[in-house]
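Please read the structure below before turning to the comments.
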Amino acid sequence: MSSDPGTPLHFPVKMRPEILALPAYKQGLAAPTGFKLSSNENPFDPLPGVLEAVDAATRQLHRYPNAAAPEITARLAKEWGVETDEVIVAAGSVALLVQFALAAAGHGDEVVYSWRSFEVYPWMTVLPGATAVPVPNTPDHRHDLVAMAAAVTDRTRLVIVNSPNNPTSTIVTKAEFETFMAAVPTDVLVILDEAYAEFITDEDAVNGRELVRRYPNLVILRTFSKAYGLAGLRIGYGIGPAAILGAARTTIMPLSLTDHAQVAAIASLDRSQELHERVANIAARREVVWRALQEQGWDIPRPHGNFVWFPTGARTAEALEVFRAHDIIARAYLPDGVRLTIGEEESVENVLAAAEEIARLIR
């Protein structure tokens, strides 16, 4: 079989054509040298107590994990003021997105989401055989919730709202979301994907914590990968109606959630004060970067996640190379733009120097 990417592959068995046509998810590039700002990772080390908890769990590697996750489930239920059957925990919020898609949608059904948004949404829709209905972002790179609500039909089974939106770092406001939910039928599942919620400082932004039990068709997703810095362990969770979560539990990959991830998440929750300090540090650095980019002449949406969006359009590939020349590994979303994580303090000077060069390039 040829390894040339331009040569069509010929399979010895029958495969689903929609799967073969789907590009695989591509992880952010690593950075052997310089700064890796391509994966929205937290630049800080794990919170105090996390490594010790993980080390203790390592002594039980010969045992299967307790995939029911009773301890972290109970802790999250207490944190959110809900019952344990209103909490679902899995190997990352990405895994939960796939679980809900499998539980809610099948052949002939539709999944509505904004685009450009999280690149998992298209392929998680194809896995169960459903049809994707991407709704273009507004000119200022935000969700067009009016258009998304209008795109809902009797075939729609799932709608995803991403705030802050990955990769554009824009938010949905409380008022916008309330109007949107009023327009969506209550028998259509809505997921509010809040992977970067902890980084939001705008009080007008939608907040899943304020929506608990308010809507019978809403599930709120959060993760420990970003603000909590546990990206390497894979653990995320959802809060929502027990019946909906119960359906999603039937689609979970058995034993995929490790004990290491569970004890690390609990240890991280025990250090909420340190977490808030780190998040505030990153948010402040984000503000410094954004204001400096404005001074350079960039028309960039105000960022609310731990990343910034550069709408470089047709010059995106060139922009990526300029960042690399300045020892910055960024994430390209061809043909739309570049996403850049707010990383170490030492990376800011390189980021701004590269951005200034790119600004001259695209003018």
Side-chain angles (χ1 to χ4, degrees), residues 25 39-40 76 80 86-105 110-125 127 130 132-135 137 141-145 148-149 151-152 156-174 176-178 180-181 184 188-200 202 205-212 214-215 217-228 230-231 234-241 244-245 248 251 303-307 309 333 339:
Y25 174 81
S39 296
N40 289 349
L76 289 169
W80 284 72
E86 296 173 287
V87 179
I88 185 170
V89 186
S93 57
V94 170
L96 286 169
L97 284 165
V98 174
Q99 287 177 232
F100 282 107
L102 290 170
E110 295 177 344
V111 176
V112 176
Y113 53 83
S114 189
W115 194 254
R116 180 171 289 272
S117 192
F118 188 26
E119 64 266 41
V120 164
Y121 299 157
W123 64 255
M124 67 169 244
T125 300
L127 292 181
V133 182
V135 177
N137 290 337
H141 311 286
R142 303 178 68 244
H143 278 35
D144 187 340
L145 289 184
M148 288 178 67
V152 173
T156 305
R157 295 296 178 269
L158 172 61
V159 182
I160 308 170
V161 176
N162 188 202
S163 181
N165 183 47
N166 179 14
T168 64
S169 211
T170 53
I171 55 167
V172 168
T173 68
K174 296 175 183 178
E176 289 171 334
F177 191 76
E178 182 175 348
F180 171 77
M181 289 301 292
V184 175
V188 172
L189 174 60
V190 176
I191 289 180
L192 177 58
D193 186 353
E194 293 189 305
Y196 302 93
E198 290 84 0
F199 298 102
I200 296 175
D202 190 331
V206 65
N207 185 340
R209 285 186 174 274
E210 299 173 357
L211 301 175
V212 173
R214 181 170 176 182
Y215 300 102
N217 57 329
L218 176 64
V219 172
I220 301 145
L221 294 189
R222 295 280 181 101
T223 182
F224 286 95
S225 295
K226 308 304 181 183
Y228 289 89
L230 299 182
R234 313 305 307 131
I235 180 166
Y237 63 97
I239 306 293
I244 297 175
L245 302 193
T251 66
H304 297 273
N306 66 330
F307 52 96
W309 174 247
Y333 291 83
R339 188 195 70 193

Do Ser225 and Arg234 have a side chain donor and acceptor closer than 3.5 Å?
yes

Might you point out which heavy atoms bring [X] and [Y] nearest each other, and give the distance in Å?
{"X": "Gly240", "Y": "Leu245", "value": "O-CD1, 3.7 Å"}
{"X": "Ala248", "Y": "Ile88", "value": "CB-CD1, 3.9 Å"}
{"X": "Leu218", "Y": "Pro241", "value": "O-CD, 3.2 Å"}
{"X": "Thr223", "Y": "Glu198", "value": "O-OE2, 4.4 Å"}

To the nearest 0.5 Å, what is the distance between [atom1] on [X] and [atom2] on [Y]?
{"X": "Glu110", "Y": "Thr125", "atom1": "CD", "atom2": "OG1", "result": "10.5 Å"}
{"X": "Leu145", "Y": "Phe177", "atom1": "CG", "atom2": "CZ", "result": "8.0 Å"}
{"X": "Arg209", "Y": "Glu194", "atom1": "CZ", "atom2": "CD", "result": "9.5 Å"}
{"X": "Thr156", "Y": "Leu189", "atom1": "OG1", "atom2": "CG", "result": "11.5 Å"}
{"X": "Ile244", "Y": "Glu86", "atom1": "CD1", "atom2": "CD", "result": "11.0 Å"}
{"X": "Leu221", "Y": "Asp193", "atom1": "CG", "atom2": "CG", "result": "5.5 Å"}

Do [X] and [Y] make a side-chain contact, defined as non-hydrogen atoms from C-beta onward lying under 4.5 Å apart?
{"X": "Gln99", "Y": "Leu102", "value": "no"}
{"X": "Tyr215", "Y": "Leu192", "value": "no"}
{"X": "Met181", "Y": "Leu211", "value": "no"}
{"X": "Pro164", "Y": "Ile200", "value": "yes"}
{"X": "Val87", "Y": "Trp80", "value": "no"}
{"X": "Ser117", "Y": "His143", "value": "yes"}
{"X": "Val98", "Y": "Trp123", "value": "yes"}
{"X": "Val206", "Y": "Ile171", "value": "no"}

Do Val159 and Phe180 pass the side chain to side chain contact (heavy atoms under 4.5 Å, CB included) test, and can you show the C-alpha distance, the side-chain angles, and the key distance before you say yes or no?
CA-CA 11 Å; Val159 182; Phe180 171 77; 3.6 Å; yes

Looking at [Y], is its backbone amide N or carbonyl O close enough to the side chain of [X] to form a donor-acceptor pair, meaning the two atoms are under 3.5 Å apart?
{"X": "Ser163", "Y": "Val172", "result": "yes"}
{"X": "Ser169", "Y": "Gly305", "result": "yes"}
{"X": "Asn165", "Y": "Arg116", "result": "yes"}
{"X": "Thr168", "Y": "His141", "result": "yes"}
{"X": "Asn217", "Y": "Val190", "result": "no"}

Listed partners of Phe100 passing ring pair (Phe, Tyr, Trp, His ring centres under 6.0 Å), at least two apart
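Ring pair (Phe, Tyr, Trp, His ring centres under 6.0 Å) list for Phe100, sorted by chain: empty.
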
Excluding sequence neighbours, so at least two apart, what forms ring pair (Phe, Tyr, Trp, His ring centres under 6.0 Å) with Tyr121?
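Only Tyr113, Phe118 meet the ring pair (Phe, Tyr, Trp, His ring centres under 6.0 Å) criterion with Tyr121.
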
Among Phe199, Tyr333, Tyr196, whose ring-ring contact (aromatic ring centres under 6.0 Å, His included) with Phe307 holds?
Tyr196

What residues, two or more places apart in sequence or in another chain, satisfy side-chain hydrogen bond (donor to acceptor under 3.5 Å, both in side chains) together with Thr173?
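Testing Thr173 for side-chain hydrogen bond (donor to acceptor under 3.5 Å, both in side chains), a comparison that skips the adjacent residues, returns Glu176.
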
Determine, stepwise, if the pair Val94 / Met124 fulfils side chain to side chain contact (heavy atoms under 4.5 Å, CB included).
CA-CA 9 Å; Val94 170; Met124 67 169 244; over 6 Å; no

Among Leu158, Val133, Ile160, Val161, find the one that has a side chain to side chain contact (heavy atoms under 4.5 Å, CB included) with Val112.
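Single side chain to side chain contact (heavy atoms under 4.5 Å, CB included) partner of Val112 among Leu158, Val133, Ile160, Val161: Val133.
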
